[in-house]
Each structure stands twice: as C-alpha cells, then as structure tokens.
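The chains referred to below are lettered A, B, ... by the order of the sequence lines, with proteins before strands, and numbering in each begins at 1.
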Amino acid sequence: MSSTTTESMSPREPGSSPARPGSSNAGRSLAGPGPTFIRVLNSEVIKFRSLLSTLILLASTAVVMVGFGALSAWGTGQFADAANRDPQAAARVAAQGGDLTVSVPTSGIAFAQLILGSLGVLLMSSEFTTGMARSTFAAVPRRLPAFAAKLVVVMVTSFVVTAVSTWVAGLVAVPILDNYGLKLDLGSSQSVKLLLVNSIYVAAVAAIGMALGTLIRNSAGGIMSLVGIFFVAPIAFQLIPGDFFKEARKYLPGNTVEPLTAAQHIPDTLEAWQAGLVLGAWVVIPVLLAAVLLKRRDV
Amino acid sequence: MIEVNGLTKVYGAKTAVAGVSFAVRAGQVTGFLGPNGAGKSTTMRMIMGLDRPTSGSATVNGLPYVQHKAPLRVVGALLDAKAVHTSRSAYNHLLAMAATHSIPKTRVHEVIEMTGLDAVARKKAGGFSLGMGQRLGIAAALLGDPQTLILDEPVNGLDPEGVVWVRNLVRYLAGQGRTVFLSSHLMSEMAQTADHLIVIGRGRVIADAPIRDIITGNGQARVRVRTDQPERLQQLLAGRGASIDVPEREMLEVTGLEPKTIAATALENQVMVYELTPLVASLEEAYMELTKDDVEYHSLPAAEVSK
C-alpha cells in the first residue's frame, strides 16, 4: 500500500559484510523445505478430508444425485406410459426429439450445484470465521498458493463427485427405465456430453462459491449471495418486464448449461460457444477479484 | 532477531500502532508488555505479514516475514489460541500445517508430546479449553523448529502448572540462543520470565530496556526499618535527607538512603534496629507508573461503580 514498506526489502543489518550482500540473511531461510505449490496442495487436501462436514456434504451430493436420477427415471417411465395411451402426450414426446431419457442421470444437478457451491463458500469462509486463516497464511505468507491450492481441491472434488454420482444415477436409472420399455445408453455421445458439461458446470459453481467465501468471509452471506445468483436472479429477471432483463437473463451463469448441452440451438438462449465464454467469465472474474483482495487485505 | 522500524497501523480514524520501532535480540526472552488495546497483537500480526502496515517495516533476520523461503522454519508464532478450524482435530491441524513445509509426521508427534496434548490430539480443537488451545498454538509454533518465536499472550488461560511450563520452555528456548518475543498484560508474569522489556501503551513504545533497569529506574530504592525508637531514628534520618513514611508503630519506610547508611546512623546514635530490609519496587508498580497516562480503558474505582 505505502511505498515505505518496500524499504524493508533491502537487508539493513548493520554488521553484514559487503562481500556477501544480504546472502547471510537469505541463507537462514533456506534451513529446510518451504511451501511449494505441491506441498500447499497436499496441506489443503489434508485440511479438506479432515473435516467431517465436508465429507457429509460430498455424500449428500451423491445421495441426492442418485435419488433424483431414480425418481426421474420412474417419472419419465410413467409419462411415457401415459403418452402411449394419449395421442396428445405422444405428440409432445415426439416434439422433444424423442430423447426423453438422456437427461435422467443429471436431473438432480440443481441440488448438486447448491450443495457443492455452498461447500466452496464454506471452505474459505470458515477459514476466517474460525481464525484458521491466521495459521494458513502464516504458513503460506504469499497467500495466493494457498488460495490456488484450495481452488484446485474444490473444483476437482466437485467435478469428480458430480461425474461419479451422475454415472451411478445413470446405472440406477437404466433398469427402472427398462421396466417401461425405455432405453438409456450411458455411452452415447449425448450422455457423455451431459455428464461432462454438468460436472464442469458444478465445478465452476464451486469456484464461484469459493470466490464469494473469500470476498465476503462470512458463511451465511456467501451462501446467500450464491443462492441469489443461481436461484433468485433467474426468477427475478423473468418477472421483471422489459427486453433488457429478458436479454440479461441469458447471461446468468445458471442459464449457460442448457445451450452447452442442447443437441440443437434453443431459441432465446446463447450459442454454445457464447455460453462457454459467459460461464468462464463468471468463474474468472470473481476468482481474480477474490485473489487480488485476499492478497491485499489483512487476515 | 526481529527489527521493527516506524511501524504504524491506522484503522479508519483509530491509530492502533503509532510509529513503533524496536529490536528483539536473540538469546534472551523479550517481553512485550502493555495494557489491553495497546497495540501488542497488531504489532505482532504485522511482523507475521498478516496485517499490512500503514507505514513502516518489520523484518525477521533481515527479511520481511513474507519473503522468507521457509517461513515456518524461521518464525514460529502463537498469535491467537483460536487460529484453528474448530471441527478439525489437533493432530490433523498440525499435520496440515506441517505439510506446507514437508515437516515429517515424527515432528508432529514430537510437538504433541512436548506440549502434553497426547490425550486430546485426536479430538476436535473446537472443544478445547483455552489452556489446551494455547498448548496447541505453541505446538504449531514449534513445528518448524524455528530460530525465532513470537508468542502473543501464551499463558492466557493456562493453569499454574501450564504457566510454569511456558516459563521454563521460553527460558530454555532463549538459552539455546533463540529469539523469543512474548507479549503479556500480566506484569508479574513478565517479571519472572523476561530479560528485556518493551512496554507499549496507546500504540507507542514507552520503555525499551532490560527488566532490571525498568524496575529500579522508576521509584528510588526504599528500605524498611523496625526500631523501638521510631521518632528518634526518623529525626536522625530526616536530617540526612531521607523521606520517611511511618506505616506502623515502630516501623519506618525510608526512601533515598542506602541500608548501610541507615545502619551506620543507627549505630552511631545507639538506636536499636531489629529489621532492615531493602524493598525492591515490583515490576507491577513500575509498570503502573509507566503506563498510567497511556491506558486505553480506565476503570472507575469500585466505590464509584456501585453508586
């Protein structure tokens, strides 16, 4: 902040000999290994897996994803049964391109996004609410390696948990759908695309959550902001009349998944490449802002 | 070696630390003494790179803390007994801290044993008493076997056994040639632990001197004298320029004369003296004297509170 702090960068030990300028000081810090990124990552992994609350949130995500997959398979089967008897419903099914079942495994994604997004918030906000941040940033005083390591842990875990639960949800859904004579091919390109895009999306939400947790430093405030962006804003934008909000709604992060996974372009949504860029911006901007402020603010 | 130069921290309209400069040397325990809100913790957090100074600088072994390659191996700090995630076990907390510097698990077990945490190491740190939290904080500070230790109020909440343990530990660490910087608002604790004292009040350094100088520097030496002829002796001593209190019958408190002079005066005049005790001003008195103008939060006398 102030220019006077840079003074301290030059060693000013009166007794240091001019032959080895500053080297005697620097040498003392080389007493042993320091915090490299890999070590900090290892530390963040230990912190992550040693919290029961984290593991509970991960398990709930899996349960919700698989549960909703099963429910959705059952509902889709019932709907298809009705459609067979009702020509109107049959016409509606046909209008959807006939591929009813492919989105069954990801039907719980809204909840996965909420749980893992909150996890992202909590992992950082709890550092500040518990005082752990002082230990973390005393060990890694440059701060950004710890931030980056935590981000990697949050995003990778969210991606893997979402992908695995989506896949298991699919495995559970296949026999249920089979009962109604419906087919779900988990290996089809559309199934794989849905699984990957949704998992990346949830990882992105978790990253946004972590950025909010870093900026707000308060668990309730961070989670409320996350809910505001992903659940309240889409509804509010729909209710407010006017073209601006209709247009703006497309750019909300929650509305980027549809264009990214659709087989064909859906009217009133972004193109797939635009949606990818918008989602990327929703991650990069808050994360960079959080990183800059984390580096500058007092812990 | 910790060097602090013109360190200032301003929060909005409030100046917590106002241009503080001092050096903490190796091989001795340096106490950092001051009333609540004097700026002790803020100064320590700035040394540790957690708070950004408004101006000024702080270095450890010639480098700002942030620039050290292996900071935990250079400085160990206990800044707050609650700098722990409440839901994580003490063992996992230390393990995660150690992982950042590739400190082996054996060292984690070592510091747990050293601080007497064996029995509770696998329990959630949130359930710890203040004393246990202090021990965990000290364990974390010792992890990297650092040459410099910064301990903010380490005896806060410790039982008497723990207080003695911390006292012996810091004396032992300083004896090994390490730099130990210890804050407290308990003067009695400092009197028994520190070699050198930096007294701070309202964000300013009030005194920076060896502890002996601080005790003797304020208030002159006093001598307690018991005699069966107090009036006579009082007269004689007053004649030699002493100022004398008479707290009890047959007892004088003499300020401004050496015990030997008092004894000689009594002997010459055939006055019997049956006690002659030099009174050392307590650090507490010296401290109150030093900080009376710099206390942030004054209390009312008990009588006024109850009105």
Checklist entry - Could you walk me through whether D298(A) and R45(B) pass the salt bridge (Lys or Arg N to Asp or Glu O under 4.0 Å) check? => result CA-CA 9 Å; D298(A) 291 347; R45(B) 280 203 306 272; over 6 Å; no
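A distance of 12.0 Å separates NZ in K47(A) from CG in N92(B), rounded to the nearest 0.5 Å. Rounding to the nearest 0.5 Å gives a distance of 9.5 Å between CZ of R88(B) and OG of S135(A).
With contacts defined as side-chain heavy-atom distances shorter than 4.5 Å, the pair P71(B)/P35(A) qualifies.
In plain terms, the two heavy atoms of A139(A) and T100(B) that are nearest each other are CB-OG1, 3.8 Å. Nearest heavy atom pair, residue I46(A) against residue L95(B), reads CD1-O, 4.0 Å. Contact detail for R296(A) and R52(B): the closest heavy-atom pair is O-NE, 3.2 Å. Taking all atoms of both residues into account, the shortest heavy-atom contact from A70(B) to P33(A) is CB-O, 3.6 Å. Across H101(B) and R39(A), no two heavy atoms sit closer than the pair C-CD, 4.0 Å.
Contacts between L72(B) and chain A at a heavy-atom distance below 4.5 Å involve the side chain alone, from C-beta outward. In this structure, the portion of R143(A) lying under 4.5 Å from any heavy atom of chain B is its side chain and not its backbone. Heavy atoms of D80(B) lying under 4.5 Å from chain A belong exclusively to its side chain. Of the atoms belonging to V66(B), heavy atoms from both backbone and side chain fall under 4.5 Å from chain A.
Ranked by heavy-atom pairs under 4.5 Å with chain A, the first of G49(B), P146(B), S102(B) is S102(B). With chain B as the partner, the residue from T36(A), L41(A), I38(A), T130(A) showing the most heavy-atom pairs under 4.5 Å is T130(A). Of all the listed residues (V299(A), V40(A), L51(A), N42(A)), the one sharing the greatest number of non-hydrogen pairs under 4.5 Å with chain B is L51(A). Between chain A and the options I103(B), D51(B), L143(B), the largest number of non-hydrogen pairs under 4.5 Å is found for D51(B).
With R134(A) contributing its side chain and K82(B) its backbone, the two residues share no donor-acceptor pair below 3.5 Å. Under a 3.5 Å cut-off, the side chain of R73(B) and the backbone N or O of G34(A) do not form any donor-acceptor pair. With hydrogens and angles disregarded, no donor-acceptor distance shorter than 3.5 Å links the side chain of S43(A) to the backbone of A99(B).
Residue Y172(B) qualifies as open at atom OH: its count of foreign heavy atoms under 6.0 Å is 12 or below. Other residues, nucleotides and ligands place no more than 12 heavy atoms under 6.0 Å from the CZ atom of F111(A). More than 12 heavy atoms of other residues, nucleotides or ligands lie within 6.0 Å of NZ in K295(A), so this atom counts as buried by the packing criterion.
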